[in-house]
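The block underneath contains the structure these notes are about, expressed in structure tokens.
Reminder, nothing fancy here: chain letters follow the sequence lines and each chain counts from 1.
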Amino acid sequence: MLDVKYLRENLEEAETRLSTRNEAVNLSGFKQCDTRRREILQESETLKALRNKVSAEISRIKDKSQAQDQMAEMREVSQRIKALDDVLRDVEDELQSIMLTTPNIPHATTPVGRSEADNVEIRKWGEIPAYSFEPKPHWEIGENLDILDFERGAKLTGARFTLCKGAGARLERALINFMLDLHTGQHNYLEMLPPFMVNRESMTGTGQLPKFEEDLFGLNGLDYFLIPTAEVPVTNIHRGEILKSSELPLRYTAYTPCFRKEAGSYGKDTRGYIRQHQFNKVELVKFTRPEESYRELELLLNDAEKVLQLLELPYRVIELCTADLGFSAAKTYDIEVWLPSQNTYREISSCSNFEDFQARRAAIRFRENDKAKPEFVHTLNGSGLAVGRTVVAILENFQQADGTVRIPAALRPYMGGMEKIG
RNA sequence: GGAGAGAUGGCCGAGUAGGUCGAAGGCGCUCGCCUGCUAAGCGAGUAUACUGGGAAACCGGUAUCGAGGGUUCGAAUCCCUCUCUCUCCGCCA
């Protein structure tokens, strides 16, 4: 959510900057609602002040028969207040709806662009492997090794669900543990294991609701949703709280499965393990002071990159342009891992600074000192990493001519010493 | 699933025959005093949001005692709905 006061005073600037996103943003209703709200509010509160004053007078009159005139007068005042408050509620609902569906303003350093083609490559790491044979796509490798079973996944549930078997299941588990150990042991994050379903307030706090309900799996008869990312429960840990300055920045990491309907992605990545309705992810989340959030974003990005470096997987970092930026983000780096079968880089992590956009929605604040007023923190998060796609990258990058898959050295302790699959 | 109890400020905890209650008291915290250390003691202060005025310091108004409605001139106190927590029984990993 944007700052109402900022919008009030800088509406044109806000509209201009929002227009660099690829969705139409219309703030024409904002000014009207905001003005109307304050008019009604003032009238209502003036009447309430009168009512409070007269009610106090009535309370001092012992013989209530002497207060009939005041009581009759206040009866009318109360009716007027109620009518005003009814209108006020409608106006505030509309204003709130505008505020909750308006995306974040891109940071000044986010490159302006018209489509994902305008994303900017920041750096590359690692050598793209050369093969003496035609590299196979991961789904063939997985099926040949009998570690990824797409047919049975579909039988159990449906399309975009996969059964991991044997070394495939072990590989997922090993990666989760490897990533968590790295982030908690080397990067100073605190491990969390949150609920995998959350309520509507949490989904609103991080920005998935009210606008993107069609992307979420809901629950029958309950107003709970399966989380699409650990960002949601972990960021909402501190919803409605005022944090101590001394505890910032807070760094949390969490493994969770993620559930996404993938609405609007029909026809994309229909084969294989890239785009699933359920996938595992280790997430990094930070709560920082405003002035240090962009430094922390770089560090968070480095923490995510470190996973790929230790796993010896080539990748590149790109910076999303304004048109490709997510709803809540002000700035985002994507990490893309090399996939030989596709001869391209594919997203495996997305690291964003949301500034105070989520903090304002979720009322996450901190106090610089005991006398200072509460300020909104900045929230950040990034995948560290998407586990399923890491499996894909390992299978494809480390496939051997004989059909086996080499396990990178850093992962072997987590695989019971196994050096290759197959 | 059945039965009961409860939800008050950073924490603990008063307050229910409706009326100066934003809310006693205690703890904690902040500032000052005192004590040549420590402990104790004394004084003052210590919620948030919205809103009006002001350059600002700050001053005023409104709201908030789990959430949302209702009754009333007036609700932390009465009524209704919901949420959550705790205890007992049942069931279960």
In whole Å, I'd like the distance from the [atom1] atom of [X] to the [atom2] atom of [N].
| X | N | atom1 | atom2 | result |
| --- | --- | --- | --- | --- |
| A:Arg367 | B:U48 | CZ | P | 5 Å |
| A:Leu50 | B:A63 | CG | P | 12 Å |
| A:Lys82 | B:G68 | NZ | C1' | 14 Å |
| A:Lys244 | B:C29 | NZ | P | 12 Å |
| A:Ile242 | B:C29 | CD1 | P | 19 Å |
| A:Arg60 | B:G74 | CZ | C1' | 13 Å |
| A:Asn52 | B:G61 | CG | C1' | 10 Å |
| A:Asp34 | B:U51 | CG | C1' | 11 Å |

If the [atom1] atom of [N] is compared with that of [M], how far apart are they to the nearest Å?
| N | M | atom1 | value |
| --- | --- | --- | --- |
| B:U81 | B:G74 | P | 23 Å |
| B:G52 | B:C65 | C1' | 27 Å |
| B:U46 | B:C34 | C1' | 22 Å |
| B:A63 | B:G54 | C1' | 23 Å |
| B:U16 | B:C21 | P | 14 Å |
| B:U87 | B:G13 | P | 16 Å |
| B:C78 | B:U71 | C1' | 8 Å |
| B:C79 | B:A23 | P | 26 Å |

NZ/NE/NH1/NH2 to OD/OE distance under 4.0 Å, A:Arg406 and A:Glu312:
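Yes, this pair counts.
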Charged N to carboxylate O below 4.0 Å: is that the case for A:Glu43 and A:Arg80?
yes
So what does [X] hit on the nucleic acid, given a heavy-atom distance under 4.0 Å: a base, only sugar-phosphate, or nothing?
| X | answer |
| --- | --- |
| A:Met71 | base |
| A:Gln70 | nothing |
| A:Lys53 | nothing |
| A:Ser78 | sugar-phosphate |
| A:Ile58 | base |
| A:Arg200 | nothing |

Can you tell me the Watson-Crick or wobble partner of [N], both distances under 3.5 angstrom?
| N | result |
| --- | --- |
| B:G45 | B:C29 |
| B:A93 | none |
| B:C50 | B:G61 |
| B:A14 | none |
| B:A24 | none |
| B:U38 | none |
| B:G19 | B:C73 |
| B:A5 | B:U85 |

Using a cut-off of strictly less than 4.0 Å, decide whether A:Arg37 has a side-chain nitrogen or oxygen near OP1 or OP2 of B:C50.
no
Mapping A:Ser59 and A:Leu41 onto RNA chain B by nearest heavy atom, which one lands closer to the 5' end?
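Comparing both residues, the 5'-ward one is A:Ser59.
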Got a donor-acceptor contact below 3.5 angstrom from the A:Lys211 side chain to the A:Thr101 backbone?
yes
Please find the pair of heavy atoms, one from A:Arg239 and one from A:Ala362, that lie closest to each other, and give the distance.
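Closest heavy-atom pair between A:Arg239 and A:Ala362: CG-O, 3.2 Å.
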Please give me the minimum heavy-atom distance between A:Leu380 and A:Phe354, naming the atom from each residue.
CA-CD1, 4.0 Å
Can you list the steps and then say if A:Glu298 with A:Tyr333 is a side chain to side chain donor-acceptor pair (under 3.5 Å)?
CA-CA 9 Å; A:Glu298 299 296 324; A:Tyr333 294 111; 2.6 Å; yes
Please step through side chain to side chain donor-acceptor pair (under 3.5 Å) for the pair A:Gln309 and A:Tyr315, ending with a clear verdict.
CA-CA 9 Å; A:Gln309 291 169 9; A:Tyr315 67 86; 2.8 Å; yes
Measure from the side chain of [X], starting at C-beta and using heavy atoms only, and say which of [options] lies closest.
| X | options | value |
| --- | --- | --- |
| A:Tyr224 | B:U51, B:C84, B:G74 | B:C84 |
| A:Arg365 | B:C73, B:G52, B:U48 | B:U48 |
| A:Arg75 | B:A49, B:G52, B:C73 | B:C73 |
| A:Ala49 | B:G61, B:G69, B:U48 | B:G61 |

Establish whether the base of B:G61 is bridged to the side chain of A:Glu45 by a donor-acceptor pair shorter than 3.5 Å.
yes
Verdict with supporting geometry, A:Ser328 and A:Gln358, side chain to side chain donor-acceptor pair (under 3.5 Å)
CA-CA 7 Å; A:Ser328 301; A:Gln358 294 179 326; 4.5 Å; no
